[in-house]
Novice: 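My structure is below; once you've seen it, I'll send some questions.
First the proteins, then the strands, lettered A, B, ... as listed; each starts at 1. Quick note: numbers below take in every heavy atom, side chains included, and nothing from hydrogens, waters or symmetry partners.
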Amino acid sequence: MRGPQKNQGIKMHDIKTIRDNPDAFDAAMKRRKLGAQSSDILKLDEERRGAQTALQELQAQRNAESQKIGEIKKSGGDASEVMAQVTALKNEMAILEERERTLADSLSQHLAALPNVLSAAVPDGADENDNVELRRWGDPRADKVPEHFEIGEALGLMDAETAAKMSGSRFTILSGALARLERALGMFFLDVHTGEHGYTEVSPPLLVKDHAMFGTGQLPKFAEDQFRTTRDDWLLPTAEVPLTNMVAESIIEPATLPRRYTAFTPCFRQEAGAAGRDTRGMIRQHQFYKVEMVSVMLPEESEAEHERMTRCAETVLEKLGLAHRTIVLCSGDTGFGAIRTYDIEVWLPGQQRYREISSCSNCGDFQARRMNARYRAGEKDIRFVHTLNGSGVAVGRALIAVMENYYDPSDGGIFVPDALKPYMGGVQKILKTA
RNA sequence: GGAGACGUGUCCGAGCGGUUGAAGGAGCACGAUUGGAAAUCGUGUAUACGUUAAUAGCGUAUCGAGGGUUCGAAUCCCUCCGUCUCCGCCA
């Protein structure tokens, strides 16, 4: 792991908390479908501390003797005897150094691969079937309409076949009014979040380094889901990565919190584990646009912010008149870095079911620890911030939702929702262009 | 791509082999002064880990990262990462 952060102890989980209450940590990992971790961790930790203490004693000895040499030489004496003593220490020190480092690395790797501890408010469950619905908004369109790709292809504005020729599967070409509709959605979401929800618009890099991906938790475990360049940069799987890393390696004055960032970016995902799923249409692509929200908070404010952020995402769907429901993910479905996650699912009449369009997570101090993002809580009190991220919302999927929910069966066209009309250059309805 | 310069604490900025965790500022905190404030003066102000009941003491490490030379390195050498300047090229 290369990066600006120094190897200052073990950060990804608080080792002291694990030491103080190993049973609680084991129980937390059990909710994540993992076996008991604490005994292995604490054994490593104990060995590491032993090696460290022994090493430090030798270092203290060396420092004292070296200082003596300095004094002897200054007063013109012969220091060769003391110098020989110090030299003798060095072999022993090298062995202990190596041992301490090996143990520390091993401990770090172990901890870096463990997911965040879930909030007590997260319901138990095995997989997505055990997620719990919290609320619904809007009336789901009852009539079965064609799926978005059927609509788009019939209009002549969506072309997966040509995209496949140049880029392979899971890419789509949009053109004309449909391409513009995608852009309109992105701009609309950005305008709402910056104008009404207090987020600052950011145009971030789309390529990031290892340590940035480590900071937000994509690495080391989920490398196979990501795209990598020939220079070993990573393509963003989500703007969460750069937006959250904006506070990496910093000590923030609390007066400047909360910080709320939003960005409209492409996202790139290998979808390695999703072979055969959603193969048709734009539901699951290697590349899609998303408007992301990130909040950096004081710890005591992160729970309230989680609710607020989720409302921000719901609001844009409401402004578009899209029926949706909000669910809380169960223990088995909550992502690696999250304490608690709300998903918002939009109604897709083409599938006659709700599909994920946003995911809002409170990561607590998990990412902050990994990227060393802190705030000054008092004169001698520096603590980790809490970070949250949420889609506000996925533009590709919002496009699908608009297409299917605003589909006009009489002519195969798509009505432009009122909220998007200012962005569509006078187009009221998207129709087949001859 | 060619030539050069530089990475020090919350920030700016000295130091260029021996009590340097690091001068001096700024900022911040507390105190004095004030009717109150500004200004001024005084004092204090890094992080991590280990040890510990302890955010008390003590120890160790940390001057971009990693390695090397040395009894001893912020200071010397090597590699990498990053930043800046000039020239060239380019959307």
Novice: Only counting residues at least two apart or in another chain, list the ones meeting salt bridge (Lys or Arg N to Asp or Glu O under 4.0 Å) with A:Asp159.
Specialist: none
Novice: Is there a donor-acceptor contact under 3.5 Å linking the side chains of A:Asp26 and A:Ser38?
Specialist: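 Yes, side-chain donor-acceptor contact under 3.5 Å.
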Novice: Name the closest nucleotide to the A:Ser66 side chain, picking from B:rU19, B:rC71, B:rG59.
Specialist: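 Per side-chain heavy atoms of A:Ser66, the pick is B:rC71.
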Novice: Could A:Arg228 and A:Asp233 be called an ion pair, given the rule that one side-chain N must be under 4.0 Å from one carboxylate O?
Specialist: no
Novice: Which nucleotide, if any, forms a Watson-Crick or G-U wobble pair with B:rC89, using both distances under 3.5 Å?
Specialist: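 Pairing partner, where one exists within any strand: none, as none qualifies.
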Novice: Rounded to whole angstrom units, what separation is found between the CD atom of A:Glu97 and the P atom of B:rG50?
Specialist: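 After rounding, the reported distance stands at 18 Å.
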Novice: Answer yes or no: is there an ion pair linking A:Arg62 with A:Glu65, defined by an N-O contact shorter than 4.0 Å?
Specialist: no
Novice: Using Watson-Crick or G-U wobble geometry with both distances below 3.5 Å, tell me the partner of B:rA22, or none.
Specialist: none
Novice: If you check every side-chain atom of A:Thr53, which of B:rG50, B:rG18, B:rG67 has the closest atom?
Specialist: B:rG50
Novice: In whole angstroms, how far is the P atom of B:rU47 from the CG atom of A:Asn372?
Specialist: 12 Å
Novice: For A:Arg62 and B:rA73, is the shortest distance between a side-chain N/O and OP1 or OP2 below 4.0 Å?
Specialist: no
Novice: Taking for each residue the nucleotide of RNA chain B bearing the nearest heavy atom, is the 5' side occupied by A:Arg19 or by A:Ile382?
Specialist: A:Ile382
Novice: With both distances kept under 3.5 Å, what pairs with B:rC84, Watson-Crick or G-U wobble?
Specialist: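 Checking every strand shown, B:rC84 finds its partner in B:rG4, with both distances under 3.5 Å.
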Novice: Report yes if a side-chain nitrogen or oxygen of A:Asn63 is closer than 4.0 Å to either non-bridging phosphate oxygen (OP1 or OP2) of B:rU60; otherwise report no.
Specialist: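 Checking A:Asn63 against B:rU60: at least one side-chain N or O falls below 4.0 Å of OP1 or OP2.
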Novice: May I ask you to test the A:Phe336-A:Lys221 pair for a side-chain heavy-atom distance under 4.5 Å?
Specialist: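 A side-chain contact under 4.5 Å exists here.
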Novice: Quick one: look up who B:rG17 pairs with, Watson-Crick or G-U, both distances under 3.5 Å, and put none if it's unpaired.
Specialist: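 Its partner: none found.
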Novice: Taking atom P in both B:rC78 and B:rG4, what distance in whole Å separates the two?
Specialist: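 Here B:rC78 and B:rG4 have their P atoms 14 Å from each other.
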Novice: Quote, to the nearest angstrom, the C1' distance that separates B:rA23 from B:rC76.
Specialist: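 B:rA23 and B:rC76 have their C1' atoms separated by 23 Å.
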Novice: Rounded to the nearest Å, what distance is computed from the CD atom of residue A:Gln52 to the P atom of nucleotide B:rG59?
Specialist: 15 Å
Novice: Salt-bridge test for A:Glu292 and A:Lys290: reply yes if a basic N is under 4.0 Å from a carboxylate O, no otherwise.
Specialist: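 Yes, A:Glu292 and A:Lys290 are salt-bridged.
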Novice: Between B:rG27 atom P and A:Arg376 atom CZ, what is the distance in whole Å?
Specialist: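 To the nearest whole Å, that distance equals 15 Å.
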Novice: Can you tell me the base-pairing partner of B:rU75? Count Watson-Crick or G-U wobble geometry only, both distances below 3.5 Å, and say none if there is no partner.
Specialist: none
Novice: Which whole number of Å gives the distance between the C1' atom of B:rU45 and that of B:rC11?
Specialist: 14 Å
Novice: If you take atom types as modelled and just measure distance, does the side chain of A:Gln56 reach the base of B:rG59 with a donor-acceptor pair under 3.5 Å?
Specialist: yes
Novice: Please give the nucleotide sitting opposite B:rU45 as a Watson-Crick or G-U wobble pair, both distances under 3.5 Å, or none.
Specialist: B:rG27
Novice: Looking only at side-chain atoms of A:Arg101, point me to the closest of B:rG67, B:rC49, B:rG72.
Specialist: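 Of all the options, the side chain of A:Arg101 is nearest to B:rG67.
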Novice: Separation of A:Glu47 atom CD from B:rC49 atom P, in whole Å?
Specialist: 20 Å
Novice: Is there a Watson-Crick or G-U wobble partner for B:rG35 with both distances under 3.5 Å, and if so, which one is it?
Specialist: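 The base-pairing partner of B:rG35, which may sit in any strand shown, does not exist here.
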Novice: Given atom CD1 of A:Ile251 and atom P of B:rC28, what is their separation to the nearest angstrom?
Specialist: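 From A:Ile251 CD1 to B:rC28 P: 17 Å.
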Novice: Rounding to a whole Å, what distance do you find between A:Ile15:CD1 and B:rU51:C1'?
Specialist: 17 Å
Novice: Please measure how far the C1' atom in B:rG15 lies from the corresponding atom in B:rG66, and state the result in whole Å.
Specialist: 24 Å
Novice: If we take the C1' atom in both B:rC16 and B:rU85, what is their distance in whole Å?
Specialist: 23 Å
Novice: Sticking with atom P, work out how far B:rC41 lies from B:rA56, rounded to a whole angstrom.
Specialist: 32 Å
Novice: What distance, rounded to whole Å, do you find between the two P atoms, one in B:rA65 and one in B:rG82?
Specialist: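 After rounding to an integer number of Å, I get 15 Å for this pair.
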Novice: Under 4.0 angstrom, heavy atoms only, what part of the nucleic acid is A:Leu55 near: base, sugar-phosphate, or nothing?
Specialist: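 No contact at all - A:Leu55 keeps every heavy atom at 4.0 Å or more from the nucleic acid.
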Novice: For B:rG18 and A:Lys68 - does any side-chain N or O of the residue sit under 4.0 Å from the phosphate oxygens OP1/OP2?
Specialist: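 Checking A:Lys68 against B:rG18: no side-chain N or O falls below 4.0 Å of OP1 or OP2.
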Novice: So does A:Arg49 get a side-chain nitrogen or oxygen closer than 4.0 Å to the phosphate oxygens (OP1/OP2) of B:rC49?
Specialist: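 For A:Arg49, the contact criterion (side-chain N or O under 4.0 Å from OP1 or OP2 of B:rC49) is not met.
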Novice: Among side-chain atoms of A:His386 and A:Ser302, is any donor-acceptor pair under 3.5 angstrom?
Specialist: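 Yes.
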Novice: What's the gap between B:rU52 and B:rG42 when it is taken at their P atoms, as a whole Å value?
Specialist: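 Each nucleotide's P atom is 42 Å from the other's.
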Novice: Partner of B:rU55 by Watson-Crick or G-U wobble geometry, both contacts under 3.5 Å, or none?
Specialist: none
Novice: Would you mind reading off the distance between A:Gln59 atom CD and B:rA61 atom C1', rounded to a whole angstrom?
Specialist: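 Spelled out: CD on A:Gln59 to C1' on B:rA61 is 7 Å.
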Novice: Output the single nucleotide from B:rC81, B:rA46, B:rG59 whose closest atom is nearest the side chain of A:Ala60.
Specialist: B:rG59
Novice: Nearest nucleotide by nearest heavy atom, which residue falls closer to the 5' end of RNA chain B, A:Glu57 or A:Gln67?
Specialist: A:Gln67
Novice: Can A:Arg280 and A:Glu150 be counted as an ion pair, charged N to O under 4.0 angstrom?
Specialist: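 A:Glu150 and A:Arg280: not salt-bridged.
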